[in-house]
Protein chains: 2
Amino acid sequence: MEAIDHTDRRILMQLQRDTDQSLESLGAAVGLSRNACWRRIRALETSGFIKGRVALLDADKLNLGLTVFMQVRTSAHAPDWLDSFSTATRSMPEITGVYRMSGELDYLIRAKVADMAGYDRLYQNLIRKVPLSDVSASFVMEEIKETTQLPL
Amino acid sequence: MEAIDHTDRRILMQLQRDTDQSLESLGAAVGLSRNACWRRIRALETSGFIKGRVALLDADKLNLGLTVFMQVRTSAHAPDWLDSFSTATRSMPEITGVYRMSGELDYLIRAKVADMAGYDRLYQNLIRKVPLSDVSASFVMEEIKETTQLPL
DNA sequence: ACTGAAACAAGGTTAAC
DNA sequence: GTTAACCTTGTTTCAGT
């Protein structure tokens, strides 16, 4: 696993914007021939810098217009509580992010649902699978920025 | 803009998992010929269900191992405060998400930085660009789940 | 109107330098 | 790193259901 140079960064920058460019245009953008480019990309893949290539869908069009952040506060709990919490949240496709936060007893959940009724179903499902003492939800009114691009 | 059927959903499911499969294998997965598949994908693109295709990078490898959520509480402010806030956050590449939350005076920011020093730089930069009264930060200790896949 | 089969062209992959 | 051959696969055309 090598260190990354300036040209690699530029390639990554392009790919995390749009992975559908041809090697030709990509090479042109970073000043490289078609397969010099190809070989670098391949290296970036095998070394794990590139985790994968995915399609990004329109949540509104798919009737998933409501994004909710749930803050879970949990008091003392059995040692395997985290296990069942992880398993439960990972198995629920509406939940797109789960994070253990600083402060030890806090978890943050991000989920996508159709509407309030959808949120309630999600909430009911979740507390049925894993005991949660204190849950508070905040809803996204406006998405000012949302990107998968990392700063390079 | 049409409604989406079951086969389209299966295609979208595949593509948001991995957009690098050939039309051949994709078609096999959903029970379609190569270009029946192709035409559906094309329709899903032009109708906007597919917003784009991107590469997902490894944040740790790129020295962006610290994810932080910042909660911004703002009291009364000039009518164009939101404008300058939006412009400022959108121009900062470390910031990967900005949301106006329910409760009217709350904004949530997600950012990726290298470490605490990186967070402090980001914070200093941000408050230099736009006046913020009350900012609290929570740091991600453990990423239990993180996906771009929407539930279908 | 939507399907599949086959021809075609573009672009990813390999080999040679 | 480059150029050029190669061959997979995306794209277009066409005919059938």
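None of the values given here were measured: they were computed from a predicted structure. First the proteins, then the strands, lettered A, B, ... as listed; each starts at 1. Reckoned from all heavy atoms, side chains included, excluding hydrogens, waters and symmetry mates.
- Side-chain N/O atoms of Trp38(B) include one lying less than 4.0 angstrom from OP1 or OP2 on dT11(D).
- Of the residues in residues 19-28 of chain B, those with a non-hydrogen atom less than 4.0 angstrom from any atom of DNA chain D are Gln21(B), Ser22(B), Leu23(B).
- Under the rule for a side-chain hydrogen bond (donor to acceptor under 3.5 Å, both in side chains), Ser91(A) has no partner lying at least two apart in sequence or in another chain.
- Ion pair Lys51(B)/Asp60(A) not flagged as a salt bridge, since none of the NZ, NE, NH1 or NH2 atoms sits closer than 4.0 Å to an Asp/Glu carboxylate oxygen.
- Note that CE of Met70(A) and CG of Leu126(A) are 5.5 Å apart. Values are rounded to the nearest 0.5 Å.
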Tabulate protein N/O versus nucleotide N/O from nucleotides 3-8 of chain D, keeping only pairs under 3.5 Å, one per line.
from	atom 1	to	atom 2	distance (Å)
dT3(D)	O4	Asn35(A)	ND2	2.7

In a table with atom names and distances, give each donor-acceptor pair under 3.5 Å that connects a side chain of residues 108-118 of chain B to protein atoms at least two apart or in another chain.
from	atom 1	to	atom 2	distance (Å)
Arg110(B)	NE	Thr96(B)	OG1	2.9
Arg110(B)	NH1	Tyr99(B)	OH	3.1
Arg110(B)	NH2	Glu146(A)	OE2	3.0
Arg110(B)	NH2	Thr96(B)	O	3.2
Arg110(B)	NH2	Tyr99(B)	OH	3.4
Lys112(B)	NZ	Thr67(B)	OG1	3.1
Asp115(B)	OD1	Ala117(B)	N	3.2
Asp115(B)	OD1	Gly118(B)	N	2.8

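- Straight-line distance from the CD1 atom of Ile41(B) to the P atom of dG10(D): 8 Å, rounded to whole Å.
- Distances shorter than 4.0 Å separate none of the side-chain N or O atoms of Arg40(B) from OP1 or OP2 on dC2(C).
- A search for side-chain hydrogen bond (donor to acceptor under 3.5 Å, both in side chains) contacts involving Thr19(B) returns Arg53(B), not counting sequence neighbours.
- With values rounded to the nearest 0.5 angstrom, Gln21(B) atom CD is found 4.5 Å from Leu26(B) atom CG.
- Across the protein-nucleic acid pair, Arg42(B) atom CZ and dT3(C) atom P stand 15 Å apart, rounded to whole Å.
- Legend: salt bridge (Lys or Arg N to Asp or Glu O under 4.0 Å) pairs involving residues 117-139 of chain B, not counting sequence neighbours: none detected.
- Classification of the Tyr119(B)-Phe139(B) ring pair by plane angle, with boundaries at 30° and 60°, yields perpendicular.
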